[in-house]
Amino acid sequence: MDMKNLVVNKTLPFDASLLTVHISLRQVEEIAASISKRCVVSGVNEIAWALRALMLTDLTTLAGDDTRANVRRLCVRACYPFEPQFFDKYFERTLLQDIHCAAICVYPARVKDAYTSIQQYNQLGNVAIAAVATGFPTGQYGLQTRLQEISHAILAGATEIDIVINRQLAILGDWNSLYHEVVLMRSACGDHALLKTILAIGELGTMENVYKAAMVCMMAGADFIKTSTGMEVVNATLSVGLVMIFAIQEFKRRTCQIVGLKPAGGVRTVRDAIAWMTLVNETLGSRWLTPQRFRFGASTLLNDIEKVVREGVAKLEREAAEKSNQQKTQASEAGSEEAMCKELRKKHLGQK
């Protein structure tokens, strides 16, 4: 496969001072709950937010029975989520080329299938190919095996690698060892693939550990920090997302290096996605709501996006038809009144 050189984050020296933190869980939960209440939208705005969520989605399939055929079907949905006729009727045709998922996310063994399919649709420049690696989802493999898996995925065509961190090291507080492992993974990716580090927040025990794990991964050169594998008991929650955002903000303040955020697991509806986008918009700013800085890891979110967009457009169409009918009725009534007035005037003049 042709391998392109990408702009990736650099590895920075380990700095224990970045790990000093105290987090009030109650305060974090209150802030997250407050933000979630401010994200109710409807009508055209809901359609716009849904399409934005689509363009930020890493469409994912990580099933044991994945085959070339269902990976191909997933690639079709990622590249062309709506048929051209739909856009011809309701949107400008030029928008069609921008309405696609950010990436496909698969196991390393299925990367070649995804590459072949996306290449056939001439979308390699638009839809990235991400692979989970390093012993996903547990990470309980030897270090050399985990590193070899990264190399295998990149050679097959992956341009993004979603690695799982060694949770044992994080739980034990061995942050230096965790840092050195992620540095080796950053080195294995080189500048041929973005590095997304999965923290598996549901297995880290405390919010402080989530913050510290995020900091360690960012120091090691992560391009994104990701909440979960989607297979833990607790996955992407707004509270955890807020703690990870605090880490991103502080890391940027201290190092001037920008790191993206990827919630994964539990983001199933457009309303879920809007809550996350509102959180990001109100903390990191609107500039973060791009595929270069923010992604959703999801397998079912696209289903609800399609439903919301199609039903929303149908509702707008009905409202436009009803408004048109009302205007016609009013015009007809006005015409009838005018005709009646003319008739009365004629009769009046005739009597004279």
Side-chain angles (χ1 to χ4, degrees), residues 1-2 47 50-91 93 95-133 136-137 149 152-162 193-194 196 226 228-231 235 262-270 272-273 291 295-314:
M1 304 297 174
D2 294 332
I47 295 172
L51 291 174
R52 172 66 68 88
L54 186 154
M55 293 184 282
L56 297 171
T57 296
D58 287 0
L59 189 59
T60 304
T61 181
L62 298 169
D65 59 354
D66 281 342
T67 63
R68 181 184 302 174
N70 69 297
V71 168
R72 183 181 177 83
R73 284 195 296 271
L74 202 74
C75 290
V76 173
R77 292 191 71 199
C79 295
Y80 304 108
F82 296 98
E83 63 277 13
Q85 296 84 348
F86 181 79
F87 269 78
D88 285 342
K89 191 173 182 181
Y90 302 112
F91 301 97
R93 184 65 177 264
L95 289 175
L96 182 61
Q97 61 187 6
D98 297 320
I99 305 299
H100 53 73
C101 292
I104 284 285
C105 186
V106 295
Y107 277 115
R110 301 266 70 90
V111 167
K112 187 176 180 181
D113 298 333
Y115 184 95
T116 301
S117 296
I118 294 175
Q119 185 181 47
Q120 287 176 346
Y121 297 120
N122 198 30
Q123 291 290 326
L124 286 174
N126 296 322
V127 179
I129 300 171
V132 294
F136 181 93
E149 195 172 30
H152 168 74
I154 293 173
L155 287 172
T159 54
E160 299 180 359
I161 302 294
D162 291 31
L194 298 181
K196 305 198 206 92
K226 179 177 172 181
S228 325
T229 65
M231 301 180 185
N235 293 292
K262 180 178 175 180
V267 185
R268 298 185 178 89
T269 68
V270 170
D272 294 334
R295 302 280 187 88
F296 292 112
S299 56
T300 59
L301 175 59
L302 184 56
N303 296 336
D304 196 56
I305 289 172
E306 289 183 359
K307 179 183 175 184
V308 166
V309 172
R310 292 183 188 278
E311 289 184 354
V313 166

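What you see is a predicted model, and the numbers here were worked out from it, not measured in a lab.
Annotation: side-chain hydrogen bond (donor to acceptor under 3.5 Å, both in side chains) contacts involving residues 95-110, sequence neighbours excluded, comprise R110-D113. Within the structure, salt bridge (Lys or Arg N to Asp or Glu O under 4.0 Å) contacts touching residues 118-127 (residues at least two apart or in different chains) do not occur. Listed by first then second residue, pairs satisfying salt bridge (Lys or Arg N to Asp or Glu O under 4.0 Å) with a partner in residues 52-65 read D58-K196, D58-K262, D58-R295, not counting sequence neighbours.
A distance of 9.5 Å separates CG in D162 from CG in L194, rounded to the nearest 0.5 Å. Note that the CD1 atom of I99 and the CG atom of L51 stand 5.0 Å from one another [nearest 0.5 Å]. Interatomic distance, CD of E306 versus CG of L302, reported as 4.5 Å (0.5 Å rounding). Rounded to the nearest 0.5 angstrom, F136 CZ and E149 CD are separated by 10.5 Å. Atom CD1 of I118 is separated from atom CG of L74 by 9.0 Å, given to the nearest 0.5 angstrom.
Shown here are the side chain to side chain contact (heavy atoms under 4.5 Å, CB included) partners of A128, two or more places apart in sequence or in another chain: A103, T159, E160. Scored by the side chain to side chain contact (heavy atoms under 4.5 Å, CB included) test, A114 finds V71, C75, I104, I129 as partners (sequence neighbours excluded). Taking R310 as the reference, E83 meet the side chain to side chain donor-acceptor pair (under 3.5 Å) condition, with sequence neighbours excluded. Shown here are the side chain to side chain donor-acceptor pair (under 3.5 Å) partners of T300, two or more places apart in sequence or in another chain: there are none. Every residue meeting the side chain to side chain donor-acceptor pair (under 3.5 Å) condition with D272, not counting sequence neighbours, appears here in chain and number order: T269. Applying the salt bridge (Lys or Arg N to Asp or Glu O under 4.0 Å) rule to R73 yields no partners; only residues at least two apart in sequence or on another chain are considered. Considering only residues two or more places apart in sequence or on other chains, Q119 meets the side chain to side chain contact (heavy atoms under 4.5 Å, CB included) condition with Y115, L124. Residues that satisfy the salt bridge (Lys or Arg N to Asp or Glu O under 4.0 Å) test with R72, not counting sequence neighbours, are absent from this structure. Residues passing the side chain to side chain donor-acceptor pair (under 3.5 Å) test with N235: none are found, sequence neighbours excluded.
Closest heavy-atom contact between A158 and A193: O-CB, 4.4 Å. Scanning all heavy atoms of the two residues, the minimum distance from C101 to L59 falls at SG-CB, 4.1 Å. Closest of all the heavy-atom pairs between P291 and L56 is N-CD2, 3.5 Å. For T229 against P137, the heavy-atom pair with the smallest separation is CG2-O, 3.7 Å.
A heavy-atom distance below 4.5 Å is found between the side chains of C105 and V132.
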Please test T116 against R68 for side chain to side chain contact (heavy atoms under 4.5 Å, CB included), starting from the C-alpha separation and ending with a verdict.
-> CA-CA 10 Å; T116 301; R68 181 184 302 174; over 6 Å; no
Which is it for V313 and F82 under the side chain to side chain contact (heavy atoms under 4.5 Å, CB included) test, yes or no, and what are the steps along the way?
-> CA-CA 13 Å; V313 166; F82 296 98; over 6 Å; no
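A side chain to side chain contact (heavy atoms under 4.5 Å, CB included) with I305 is found for exactly one of L301, N303, V308, namely L301.
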